[in-house]
2 protein chains.
Amino acid sequence: MLELRLVQGSLLKKVMEAIKDLVNDANFDCSATGFSLQAMDSSHVALVSLLLRSEGFEHYRCDRNISMGMNLNNMSKMLKCAGNDDIITIKADDGSDTVTFMFESPTQDKISDFEMKLMDIDSEHLGIPEAEYHAIVRMPSAEFARICKDLSSIGDTVVISVSKEGVKFSTRGDIGTANIVCRQNTTVDKPEEATIIEMNEPVSLTFALRYMNSFTKGTPLSNMVTISLSSELPVVVEYKIAEMGYIRFYLAPKIEEDEDETRPQA
Amino acid sequence: MLELRLVQGSLLKKVMEAIKDLVNDANFDCSATGFSLQAMDSSHVALVSLLLRSEGFEHYRCDRNISMGMNLNNMSKMLKCAGNDDIITIKADDGSDTVTFMFESPTQDKISDFEMKLMDIDSEHLGIPEAEYHAIVRMPSAEFARICKDLSSIGDTVVISVSKEGVKFSTRGDIGTANIVCRQNTTVDKPEEATIIEMNEPVSLTFALRYMNSFTKGTPLSNMVTISLSSELPVVVEYKIAEMGYIRFYLAPKIEEDEDETRPQA
DNA sequence: TACCCATGGA
DNA sequence: TCCATGGGTA
């Protein structure tokens with residue numbers, strides 16, 4: 001028996017919006033710890049890791065560990081039927097091949113339940129090792145999204161370079177080149193506009209903008225995004241989910257084969 | 001000679017928006033009583049009935065009963081040229097095969113007139129008998145629209161069931177099932193958020209969501225919608241038009257042939 | 001399916 | 001006036 005009651009249902013709606021473009025089908029794993037998901041994107045290049053801790057739910061009952069395979073598009077369709085202020089409850093009976101989403105309007109005058117068939121999905125639960133990163137950039141998520149979108153109108157890949165002074169996003173394409181530098185700025189009054197760079201050593205890595213732009217679908221979840229970089233490790237783009245956990249996107253850097261292609265900063 | 005002056009011209013604009021998706025051509029009937037229309041939708045499944053009473057017009061002159069066939073798309077195009085605050089006057093000379101729409105801006109600084117050709121349309125004016133309904137549901141129109149839209153992302157038909165406790169909207173589709181229950185709530189402070197159910201006997205009827213979604217184009221006309229249900233009678237979905245009349249949509253229930261298809265609430 | 005634009009609400 | 005949402009287009 002599974003019953004998870006989430007007062008701020010809009011969180012789950014946003015989470016689905018952030019994931020569904022990247023992943024078609026995935027197993028949601030439910031344990032006493034929380035509600036989590038780990039899945040490769042459909043082209044097996046990027047990895048998504050979601051955690052919603054049990055403490056973030058108003059009510060959390062999970063009698064035994066369970067893995068529920070869902071089609072994220074269908075799940076997303078159903079969650080779109082929840083109001084943004086609705087309380088969402090996820091329910092599954094033991095041994096059932098369906099999951100039920102229940103939506104309660106704030107006034108309790110409208111109660112909806114949506115039942116969805118579960119799927120069998122080969123789960124490939126990768127252990128993600130804790131790693132030391134050469135550099136960790138924390139910046140406003142909207143700014144990062146804007147940069148990725150802007151650069152993708154010029155080129156296909158982005159070089160992210162971190163030095164003491166700041167983080168540089170560079171691309172090059174047929175029509176020209178682009179470099180966007182964000183300086184560290186901790187001094188702003190508003191912490192939600194700070195850009196903070198922790199750097200152990202300089203790093204410069206290249207990524208496909210297509211995936212970065214998918215990752216930025218997580219922007220509505222948090223004002224800030226954290227980008228963790230190490231040479232020869234996948235980048236981690238993380239959006240914290242208030243009081244509950246996070247959604248993390250992993251993407252391996254492009255191997256820099258050709259000097260011309262790898263230094264868009266020209 | 002016909003001359004109808006409507007100070008709140010936006011009403012007529014909204015009426016057209018509500019009808020034009022459903023009906024292509026229709027006769028507007030004008031008499032001393034008011035300005036009215038009755039038409040089947042283009043697939044001859046649903047019926048629209050509109051009444052704008054003469055008292056709702058600032059000036060209403062209609063020397064003799066007249067029926068004017070109009071292409072609603074063209075009429076709508078013209079009405080879109082009226083500002084939302086404009087005063088609209090509808091004019092037709094006796095024996096003329098055109099109708100003129102005149103728009104006056106609130107400041108009187110801009111006066112437009114649009115002349116449109118009339119059409120000959122076979123009118124099939126059905127008498128709509130007054131009927132007793134098993135149940136009448138009055139609820140916020142936006143909520144009804146939201147429900148129809150949400151359910152149509154899951155299935156093609158909706159079962160509307162009324163009991164003392166509330167009204168239930170159910171559907172089923174390939175990806176699962178959905179049930180939305182709205183409880184009666186007369187106690188809210190704001191009458192525009194009340195859901196009121198008058199029930200003589202329980203009723204459960206199935207309708208095509210496609211038409212329901214067309215009907216909800218009437219939402220901008222009124223905060224509230226009234227849904228009148230009886231077994232073996234067409235449902236009536238009514239939007240009152242302030243001070244003037246109403247727009248009513250009629251749709252026959254689907255005959256429930258197969259138990260499996262007709263009880264989406266599973 | 002993803003992006004862009006237009007529209008309606010806060 | 002700005003933001004968010006929904007519909008249309010590529």
Side-chain angles (χ1 to χ4, degrees), chain A residues 8-26 39 41-46 48 71-86 103 106 140-156 158 171 173 190 192-193 208-223 249 251, chain B residues 10-11 13-18 20-22 73 76-77 79-85 140-154 175 190 192-193 209-210 212-214 216-223 239:
Chain A
Q8 198 182 343
S10 59
L11 277 187
L12 195 60
K13 286 164 64 88
K14 287 177 190 166
V15 162
M16 289 310 301
E17 291 303 305
I19 302 180
K20 74 168 213 288
D21 286 347
L22 213 50
V23 179
N24 293 327
D25 305 309
D41 84 288
S42 29
S43 53
H44 278 244
V45 173
V48 185
N71 175 296
L72 300 194
N73 260 311
N74 294 345
M75 178 175 171
S76 178
K77 269 189 195 169
M78 289 187 168
L79 289 181
K80 278 195 178 142
C81 302
N84 274 327
D85 301 326
D86 283 5
F103 310 140
S141 57
E143 193 170 333
F144 177 63
R146 175 65 193 262
I147 288 169
C148 291
K149 179 174 145 286
D150 285 351
L151 291 188
S152 62
S153 74
I154 311 291
D156 298 327
V158 58
T171 193
K190 308 164 191 166
E192 73 273 18
E193 289 177 13
L209 276 166
R210 179 189 150 199
Y211 291 100
M212 284 294 167
N213 273 314
S214 284
F215 300 169
T216 61
K217 294 290 194 297
T219 303
L221 283 165
S222 173
N223 287 327
F249 300 97
L251 178 65
Chain B
S10 60
L11 277 186
K13 284 163 67 87
K14 289 178 189 167
V15 162
M16 288 312 301
E17 290 305 304
K20 74 168 211 287
D21 287 347
L22 213 51
N73 261 310
S76 178
K77 274 188 195 168
L79 288 180
K80 278 195 179 142
C81 302
N84 274 326
D85 302 325
S141 57
E143 192 169 334
F144 177 63
R146 172 70 194 260
I147 289 169
C148 291
K149 179 176 142 288
D150 282 350
L151 291 187
S152 61
S153 75
I154 310 291
I175 69 171
K190 309 163 190 166
E192 72 273 20
E193 288 177 15
L209 277 166
R210 178 187 152 201
M212 285 292 168
N213 274 314
S214 284
T216 61
K217 295 290 193 298
T219 302
L221 285 165
S222 172
N223 287 327
Y239 298 88

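Please read these numbers as outputs of a predicted model, since none were measured by experiment. Here is the naming used below: chain letters follow the sequence lines, and residue numbers restart at 1 for every chain.
- Side chain of B/Lys217 to backbone of B/Glu17: no donor-acceptor contact under 3.5 angstrom is found.
- Straight-line distance from the CG atom of A/Asp85 to the P atom of D/dT5: 11 Å, rounded to whole Å.
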Protein and nucleotides 2-5 of chain C: nitrogen or oxygen contacts under 3.5 angstrom:
| unit_1 | atom_1 | unit_2 | atom_2 | d |
| --- | --- | --- | --- | --- |
| C/dA2 | OP2 | A/Asp21 | OD1 | 3.3 |

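- At distances below 3.5 Å, at least one donor-acceptor pair connects side-chain atoms of A/Asp41 with backbone N or O atoms of A/Ala46.
- Protein atom CG of B/Asn223 is 11 Å distant from nucleotide atom P of C/dG9, rounded to whole Å.
- Closest approach of B/Asn213 to B/Thr216, counting heavy atoms only: O-OG1, 2.8 Å.
- The two residues A/Thr171 and A/Gly155 come nearest to each other via the heavy atoms OG1-CA, 3.4 Å.
- Neither OP1 nor OP2 of D/dA4 sits under 4.0 Å from any side-chain N or O of A/Asn84.
- In this structure, the CD atom of B/Glu17 is 12 Å from the C1' atom of C/dT7, given to the nearest Å.
- Residues forming a ring-ring contact (aromatic ring centres under 6.0 Å, His included) with A/Tyr211 (at least two apart in sequence, or on another chain): none.
- When atom types are taken as modelled, the side chain of A/Lys20 and the backbone of A/Leu72 share no donor-acceptor pair closer than 3.5 angstrom.
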